[in-house]
K.L.:
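Just passing along the structure, written as structure tokens.
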Amino acid sequence: MTSFSFDFPENQLPFGLMRWEPVPGAEPNDFRCVAATPVAGKLLGVSVEGLTDQRLRSLFPDAAGNLAGDWQRVWQENSTSRLDLFYHHPQETTGHWLELTAARSDTHLIVTLYDVSDRIASLHTIQDKLETTTQQQQRQHAYQRALLDGAINGIVSHNAIRNAEGKIVDFGFLSLNKAAESLIGRTINELAGHTMLELFPRNRELGLYDMYVQVVETGIANRTEVYYQGDGLDFWIAVSAVKQGDGFVVTFVDVTEARQTRQRLEFMVQQLRRSNDYLQQFAYVASHDLQEPLRKIHAFGDVLQKQFGPMLGEAGSDLIHRMQKASGRMQALVRDLLAYSRLNTQPKAAVAVDLNMLFAEILNDLELAIQEKQARVQVAPLPSVAGSLTQLTQLFVNLLSNALKFHKPDQPPQVTITGKVITGKDLPELKALNPRQRYGCVQVSDEGIGFDEQYSERVFQMFQRLHGVTKYPGTGVGLALCKRIIENHGGWITVRSQPDRGTTFTVYLPVEMNDDLLF
């Protein structure tokens, strides 16, 4: 997290500044904090470092829905907005009012944060000198009423109702703002003369009542999230309560949309797990039930050819030869599909992989094929990356084998492999790359037959071939396997090509070790 830069100490600013950017593809809309001043961190009870990559919905969970909608309007209309909200850090016992002003500036939202509580105190000091006590009270009430009604959170203040022994037995209603009226569907006039448990008994059943009693008795603020169904209400609600006098103030917001989104995501995760289970079942079938019949077909074909070849004649021998080639292609396809399905079945932690040593071993393994094709392979100094040695070997064997295979008929293969280290911000068009992450950029270039770039996405799909199997053998799984490996590593792959001008595959792989990266 970087701070804004000024010509004078940032702590002298009377307000906090934050820079936000929208999160692409987030549903519902969300924003990410990319910079802040120390004053902003102080107002939010979080260090500048602690604000790194904070999402709007995690930093302001009780007001995220309304803030996100308002900021999205500012972003789309290139306008400005001002909103007041009551904020308190989960570890604080009390909170304070903040005024948030948002305006779009090119590719970011600039948000200013003011502590409205101090401003109110200053205004009241001036008003004390100019107005009578009655006028002061009227103005104070009107200002507080406007402040409350302008807040996007529902806010209700309660007083404790105690029995003769001083034990809290219920809560009364003192005031509520417009947002609260809208959320619960009742006005203060309809609540007057009634108690919480009388009108909203579900508070006790859901444990909210006990939480409020604890807040009043201990002075420790608390928050929770519950599904409130009953008493004429039906929504998921995020609730925060802080002590005020012999009572408390509760702020709440409807988070039904966020909960529904979370449930949809959980359902998608379950579907993905089922899909992975099906894939593992397929891998078992491929490794046992499919390969064994193919081995027998190939073995029986050899027996037929050796023992009965002269009796079958030239036509019969040709049919057996074709059968053998077809079964061989099927075996290769089964092996490739099995390799694709097993990529994530054996998790291992990432290790540092020296690509210079890796390519030396690959060239040694492919030495015979290189000599047969009279190929020329040049390898420049390459960086080290973090990943799975086995998977990265599969990746670059496939890319180098492709470069050797798709050469021009009248020319031997010419392959060049180069590498360097870059940062994600150097390639903003690749949004999948983390701008703060360093990547090893490796290019595998050939001078072969190439292809039309309109197929640059298609070549990474399963079973997609641009050339006939008789001229260029293969299963159509290799590049799909490459893409899967790179995605496992949190990297990216691109391809540039022209017919008869060659092809260049560019691979981006993280350089730093990451304990959370498993394969």
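Position 1 is the first residue of the sequence, and the numbers go up from there.
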K.L.:
Rounded to the nearest 0.5 Å, what separation is found between the CZ atom of Phe31 and the CH2 atom of Trp75?
P.N.:
7.0 Å

K.L.:
Got Glu225 and Trp236 here, is their nearest side-chain heavy-atom distance under 4.5 Å?
P.N.:
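They are in side-chain contact.
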
K.L.:
For residues Asn434 and Tyr439, determine if any side-chain heavy atom of one lies less than 4.5 Å from a side-chain heavy atom of the other.
P.N.:
yes

K.L.:
Any donor-acceptor pair under 3.5 Å linking the side-chain atoms of Gln443 with those of Thr504?
P.N.:
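There is no such pair between these side chains.
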
K.L.:
Can you tell me how far the CG atom of Asn402 sits from the CG atom of Asp446, to the nearest 0.5 Å?
P.N.:
8.5 Å

K.L.:
Would you give the length of the straight line joining atom CG of Asp30 to atom OG of Ser58, rounded to the nearest 0.5 angstrom?
P.N.:
7.5 Å

K.L.:
Got a sec, which pairs hit side-chain hydrogen bond (donor to acceptor under 3.5 Å, both in side chains) with one end in residues 350-368, sequence neighbours left out?
P.N.:
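Listed once each, the pairs are Asp354-Asn356, Glu367-Gln371.
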
K.L.:
Is Asp500 paired with Lys408 through a side-chain N to carboxylate O contact shorter than 4.0 Å?
P.N.:
no

K.L.:
Is Arg104 salt-bridged to Glu21, going by a charged N under 4.0 Å from an acidic O?
P.N.:
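Glu21 and Arg104: not salt-bridged.
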
K.L.:
For the atom pair CG (Leu113) and CG (Leu17), what is the distance rounded to the nearest 0.5 Å?
P.N.:
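The CG atom of Leu113 sits 8.0 Å away from the CG atom of Leu17.
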
K.L.:
Near Glu257 CD, under 6.0 Å, is it more than 12 heavy atoms from other residues, nucleotides or ligands?
P.N.:
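Open.
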
K.L.:
Flag yes if more than 12 heavy atoms outside Arg501 fall under 6.0 Å of its CZ atom; otherwise flag no.
P.N.:
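12 or below, so no.
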
K.L.:
Between Tyr508 and Trp492, does a ring-ring contact (aromatic ring centres under 6.0 Å, His included) hold up when you go through it step by step?
P.N.:
CA-CA 5 Å; Tyr508 302 94; Trp492 199 254; 8.8 Å; no

K.L.:
Is the shortest heavy-atom distance from the side chain of Ile370 to the side chain of Leu363 under 4.5 Å?
P.N.:
yes

K.L.:
Flag the pair Thr423 / Gln437 as yes when at least one side-chain heavy-atom distance between them is below 4.5 Å, and no otherwise.
P.N.:
no

